[in-house]
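Report on the following structure.
As the structure is a computational prediction, the values presented were derived from the model and not from experiment. Here is the naming used below: chain letters follow the sequence lines, and residue numbers restart at 1 for every chain. We use all heavy atoms of the structure for the numbers below, so side chains are in, but hydrogens, waters and symmetry mates are not.
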Amino acid sequence: MKALDRFSAPLKPLWGVLALLTIWWLAWKAGVADPVLLPSPQETMASLWQGMADGTLWGDFVSTVKRTTISFVLAAIVAIPTGIFLGSSERLYRSLEFIIDFFRSTPASALFPLFLILFGVGEMAKILVAAFGAALVILFNVAYGVMNARQTRLLAAKVMGANKLQTLRDVMFWESLPQTFVGLRNGVSLALVIVIVAEMFIGSTDGLGHRLVEAQMLFRMPEMYASIFAAGALGYALNWGSLLVEKQVVHWGGK
Amino acid sequence: MAELRVFAIPAETAPPAPVPAPADAANEAPSLEERLRWFPLNTHITVRGLRKSFGGTVIYDGFDLDIPRGKITSVFGPNGCGKSTLINMISGLIPYDGGEILFDGKTLAETRIGYVFQNYREALFPWMRAIDNIHYPLKLMGVPKAERTRRVEKLIESFDVPIDFNAYPYQLSGGQMQTICIMRALVVEPEVLFLDEPFSALDYEMTLLMRDRLQRIYQERGTTMLMVSHNLEDAVWLSDHVLLLTRKPTRVADFVAFDAARPRSADTLSEPDFVRVQKHCLEVFQREASLR
C-alpha cells in the first residue's frame, strides 16, 4: 500500500484536473449552457493544440512572455537597489512609506490613461506600466526585508569591523533575500496581470490579452478558452519557476 | 600621557582590583586625567567614569573598572544590572553616554577584538559556508586570499575538531556552530575576546565540552577574555576573576580571584578552593539581588 502511495503521490494533482474535465464534459453533454458559450473540453483542447501548433496562439504567448519578462526584469533592476537603500535607513523609508503604499494600493489599470499620454500607444506604455506596478511590490518587500534584518547579524558585522557599505553588501542584502523573493514572486504575477490587461485595452496587435478580446468579440469560444488556459499555464509556470529559483538561491530559508 | 605614572605593586601580592568607584561625592571625584593614572599593573582594559542610561533609567554612572591582561574575567550579577550592556559598550556594539574606555591606552578602533554571541544561529551568516564565515573578518581587514587561507588552515589545525567546514551553518549542530563562531572571532588574533553567554544556548553536555575547549584556547593563546555568564559554575570554573555587579545603578560589588591551576577539570568543581569561591560569589550575588 505504501509503495502504491509513493507511486501515485505525484499523480494526485491530476485527480482534480480529471474531475474538473469530467464535470465540464457532463455539463456540456447535458446542455447546461448554450453550446456556443460553453464548448466541449475536446474542442477546447483541440483549439489549444492547433493554436500552439500553427503558431498563432504560440506567437501571442511568446509576445506576452516577452513583455512580462522585460517589465519584470526592469522592475527588479530598479526596485532591488532602491529597496535596499531605502530599507537601510528606517527614517528615510518611513518618510516615503505613505507614497509607496499609496501607489502600491492604486490599481495599475487606473494608471493606463496616464501612461498612454506619457508614452503613447506603443510597446513602451505597456511595459512601463507593468514594470511600475511590479517595482512597487518588489521595492516594498525588499525594504521590509532589509529593515527586519536580524540585529545580531548586523552587530556581528559591526564588531568585525564592517563599514556601512560592507554591511549593506555582505549582510543586509542577503538578509533581505527571503523577503525579496516574496516580492519577486508577487511582482512577476502582477506584471503578467498588467501586461495581459494592457494587451486588451492599449491598442495591441498581439499577445494573449489581445487574442482573448479578439476571440471574444468574434465569438470564437474554443479559441478564447484555449487562450485562458494558456495564460493560466503561463502564470503558474512563472510562479513555479520563481519558487524553484528561490529554493536554489535562498537555500538557508526557514532553517 | 607621556608622564603617565604607574604605581607598580608586585602582581603576586596585589591582584588587579578595580578602582573603588566614588560613592556620592561626585564633585570631589578626581578629574578623568588624574584617575587614568591609577590603575594596577597588568591592566589591559581601563574603564573610567562610564555613564549610560536607557530612556531615563540610569544603568551606569561614573563606573570604573580595570580588566587584567591575559586573564579570563567573568561578569556576573543580578538580572538587568547591565552585564551584557557593559561588554557591549566596551566592545563598541552600543554607544555610551560618557566616560572613557581604553585598551592599553589605545582606543577601540586601534584594537583588534573578537566577539562571540549567545545566539550563534543568528550570529553566523547562513548564506556562507562555515569556512567562508571564518574567512570573513580577514576579508574585511583586506588580507589577501592566499594569506587568509593559510591563517584559517592553521586555526583549523590548532582546533582539531571534527567539523565539515564546507557545510552551511544550518547543517551543523549547536556546538559546532558555536565553535565556528569562536573560530571566526579568533581568526583575527584578537587582543581581547568578548563572550556574551556563549554556552547558554547549548545543552549541558555541549557546555562542558565547549568550556573545556575555551580553556584550551586560553592556555594556548593567553588572550584576554571578558565573558558574561548567567551560570556561576561556568563563570568560576573558567575564570581567573569573577566581576560581581550590583543592581542598577551598577557598581562593582566584588572582584573575586580564583587561581586554581590549569588545566582545570571536572575534579576542580569539588576542590575546596572552588567551593569556597563559588560560595562567596553566591553570597555577594544574593546580597545584591535581594537589595531593594
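Residue contact with chain A, scored on non-hydrogen atoms closer than 4.5 Å, involves the side chain of B:Arg184 exclusively. Neither the backbone nor the side chain of B:Leu108 comes within contact range of chain A; no heavy atoms are under 4.5 Å apart. In this structure, the portions of A:Asp170 lying under 4.5 Å from any heavy atom of chain B include both its backbone and its side chain. Proximity to chain B (any heavy atom under 4.5 Å) is shown, for A:Val171, by both the backbone and the side chain.
Note on ring orientation: taking the six-membered ring where Trp is involved, the planes of A:Phe102 and A:Phe98 are tilted (angle from 30° to 60°). Taking the six-membered ring for Trp and thresholds of 30 and 60 degrees, B:Tyr168 and B:Tyr170 have nearly parallel ring planes, at less than 30 degrees apart.
Taking the ring axis of A:Phe140 as reference, the NZ or CZ atom of A:Arg104 stays within 45° of it and closer than 6.0 Å to the ring centre.
Note on B:Tyr115, B:Phe117, B:Phe194: by heavy-atom pairs under 4.5 Å with chain A, the leading option is B:Phe117. The most heavy-atom pairs under 4.5 Å with chain B, out of A:His251, A:Gln151, A:Met160, A:Arg150, come from A:His251.
Judged purely by distance below 3.5 Å, without hydrogens or angles, the side chains of B:Asp196 and B:Gln118 never pair a donor atom with an acceptor atom.
Here the two rings, on B:Phe125 and B:Tyr136, have centers that are under 6.0 Å apart.
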